[in-house]
Each structure stands twice: as structure tokens, then as C-alpha cells.
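Worksheet: one structure, shown below.
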Amino acid sequence: MTEFPQFPPGFLFGTATSAYQIEGGWHEDGKGLSIWDVFSHTPGKIKTGETGDVACDTYHDFQTDIDIMRELGLNAYRFSISWPRVLPLGMGEVNPKGLDYYSRLVDALLEAEITPFVTLFHWDMPQALMDAYGGFAGRETALIFADYAEVVVRHLGDRVKHWITLNEPWEHAWLGYFVGEHAPGRRRPWEYFRVAHHELLAHGMAVERIRALSPDAQVGITLGMHTIEPARPTAKDREAARLADQLTNTFFLDAIYRGRYPAELMRRIRFLRPPIQPGDMAIIAQPIDFLGVNYYSRGFVSHRWYIPLFRAWLDEGPRQPEPGAPPPQYTAMGWEVYPQGLYDWLMRLTQDYGRPVLYVTENGAAFDDVVSKDGRVHDPDRIAFLQAYMSQAARAIQDGADLRGYFIWTLMDNFEWAEGFSKRFGIVYVDHRTQQRIIKDSGYWVRELIRHQQASGR
Ligand code: IFM
């Protein structure tokens, strides 16, 4: 019997998903193409050769999953809106059927007493804006994003009170533009800081717009927080780790909370510096109501003299166990199970950034789940993972973090980007041929956790 972590009264227990990863209906009812439609249809881009054309088919049926959420006792749900479903060309003419889909989804969630947290951009940039401006490589896209936010908030703002502007801007810019493993699949390091800056600008402009339209709304952004440690205790590795931390973490945090980018990093990147126009940093740094924290694992950084500018190499994959220490455990993504890192991040944000309201907007793990002969999916590793990470979150609350909710990544197995359907993160198993759902043991564990919470009067 596992021990259940305890959370304060009113704490939200949710799961998170994103449009491209679950919806399907990629070419229906007037939806425009996103960069992920184009990327996944390009041979060689997705390891399994799969696409998100059908995914979990929630475009045709979201009620089944809402019923499951209800059965598990979840009281919040984070989902994202497909920008090209609402605005097929990213701007201009609105697709009423796209808006109607989200409107019905929100109504169904509220009917089930599940609070919607809506992300406006979870990487599925309209292809039309990619063609016209290079996506967020172009400043224009930030302004257009604010218009898109306005369209959505005008339509859903009477019912949706929690908005997340962007999901993981670092990952989108880095994987999409620097490394090219994600859509749009560019390998243009010189565009990286432009994209990151314009994403932040888009965030700030959207915050202004949402506030003007819906003064009682809570608005935030979701960042992936990365624990970065030096690979060896040398001065060079420490310096490399500091820079990697600035690149992946404080570039975004300092911009949002302090209105500036880390000076050391800016000096280092010289000609790659982002194109900051007067007033940009003030727009980016206006107050937000909460920060969404996506946390998974830690990485180790070593000094590499031959890597231009950063002289640093980040390794998140398996490594040699330290002598005398228990061997590290890894998920099917090859990410180390490192619950302590979640506590450390929640406390670092609390101490360094003025005790912001926090939500864990993603945390979870992929394991190679299979349906057993008894028809169930036994996933003890995921239960252990959630138990360990959630306990660290509960500990951070006790130590002063203002954490208000926890969203597990993810509700059901879905399209894991360049990995296709090969990685199963869900607490609900999906047979991708039949769309059959099976609640995994971890899903039932979450239900018990929530019941336990309620039974203790919280
Ligand atoms: O599936 C992704 C999600 O879209 C963004 N955060 C990380 C998850 C797991 O890789």
C-alpha cells in the first residue's frame, strides 16, 4: 500500500494534453494545416512513420475521456487549442466549426465539474504563418498571436478562467529551430533567440489582450524547468552548466519576472542576440497570475571546447551510476527519475521569483505498458513515479511554495511528437487501432489519492 501525499484544501488534480497529440481530425471542418501536420507527413521525421491525423480522435469524441476523468475524480483538465483549427490561416477569417468544437468541450467539462485550463499555443503553429513569417522567427507572428488569443477569449472567456499563453517556449524554439527534431524541423541556430524572444513577446501581448477582455481571468505561461548539473565537479563543467541553466531556464524566467535576459548569456551569444525593440521587455515582464511548471528530469552538462558559443554539451540520457549510490532509474524516454528536482525547482521559484502562484502543469512518465492477460494495464513504475514526485510537491508546499494544482502528463497515451505513438505517458491506455481506452493501475491509484484527500477533509 503506497502512502498518499497530502495537499491543501482546494488543490486541483488534473491531467494535461495538447491538441495535436490527441485530437486527430487534422483536415476536417475547415481546419488549416499546422507545422506538425506538414512535419509528420514528411518521410523520416517521425521515428515510427506515424502522424497525428487521427491520434486519440478526440475531435470526434471527447465525452468518453471526460467520463473517465470524472470516474477518476479529477477536477481540472489542461488542454490546448489548435490555432489553425480556429484560424485556418493563422489570422483573418475565423472557422466557426473550430470555435464551436472548443466551446462544446468547455461546456462538457464544466458540466462534469472539471475546471478547464486552456493553453493557446502548444507548438502547432499554423503552416500559413510558417510560410509567411517563419513562425515565431518573425516578429509579426507575435502580434498575430495576440489577435488569435483575442478571438478565443471572446468566445470562451465567459466560461474559461485559466489561460496559459504558451507551452514550453524553450522546447519549441530549441527542438524546432536549433536542433530540428521537432516541427518546423529547421536547423538554423541563428534563428533560435529570435524565436524565443518573439514567443515571449507573443506571451506578453496575449496577456494584455486577455486581461482587457476578461478581467477576472487568471493568466500564466507554462515553462519546462530543467535541472542542470555539471557532469564533473570541475570549474569548466560548472561554467558550462551555469550557461545551460541560463539558456534553458533563466532566459525565460528572468525575462518574465525581471524584464531582462541573463547578462552573461547575452554577452556570450554576441551576434545571435535577440532583436529586442524598445518596450519589448516591459510587455514580456508584465505581471502574470501564475507560472505553469513542467518538470520531468535532470541533465548533466560538460564543457566541450569545440561547441561554438556555449562550449557546453547537455546530456539527459543514461549515465554511469555514481560509486556507492543506487543506480539511477530511467523512463522509456531515457529520462532519469529524479523527484528531488521537482522540490528543488518549486523552492527555487519560490525563493528567487517572489513566491509566485504555481501549478505543476505537466509531470509524468512513459513506460512500455502492455495489456495483461487479465485485460488490465499494470504500471507499478508509473505509480511509484507519481507517488515520489507528488510527495516532493507536497513537501515544497509545506516549505512555503504556493502550489495550487498538479496536472499529470498525460490523460491517455497519445502522439509523442517525433517518437510517434511509441511512448506511452498516459494513466489511461489507448489501443491506437481501435481507440479503446483502458484505465491503467496508475489511473486507479490517482483515484485513490483523490479519494484519500477528500476523506481527510481536504
Ligand atoms: O508530450 C510532451 C508535451 O507535449 C510537452 N512536454 C513534455 C511532454 C513529454 O515529452
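When a residue number appears, it is its place in the shown sequence, counting from 1. We count ligands from 1, going down the list as the structure has it; atoms in each ligand are counted the same way.
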Sequence neighbours left out, what passes ring-ring contact (aromatic ring centres under 6.0 Å, His included) with [X]? Give chain and number order.
| X | answer |
| --- | --- |
| Phe290 | Tyr359 |
| Tyr77 | Phe79 |
| Tyr353 | Tyr257 |

Name the residues with a heavy atom less than 4.0 Å from ligand 1?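 Correct list: Gln21, His122, Trp123, Asn167, Glu168, Tyr296, Trp335, Glu362, Trp409, Glu416, Trp417, Phe425.
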Side-chain ion pair, Arg382 and Asp441, N-O less than 4.0 Å: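 No.
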What orientation do Phe415 and Trp417 show, parallel under 30°, tilted 30 to 60°, or perpendicular over 60°?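 Because their plane-to-plane angle is over 60°, the rings of Phe415 and Trp417 count as perpendicular.
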Are Ser18 and Trp123 packed together at the side-chain level, in the sense that at least one heavy-atom pair is separated by less than 4.5 angstrom?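 Counting from C-beta outward, Ser18 and Trp123 never come under 4.5 Å.
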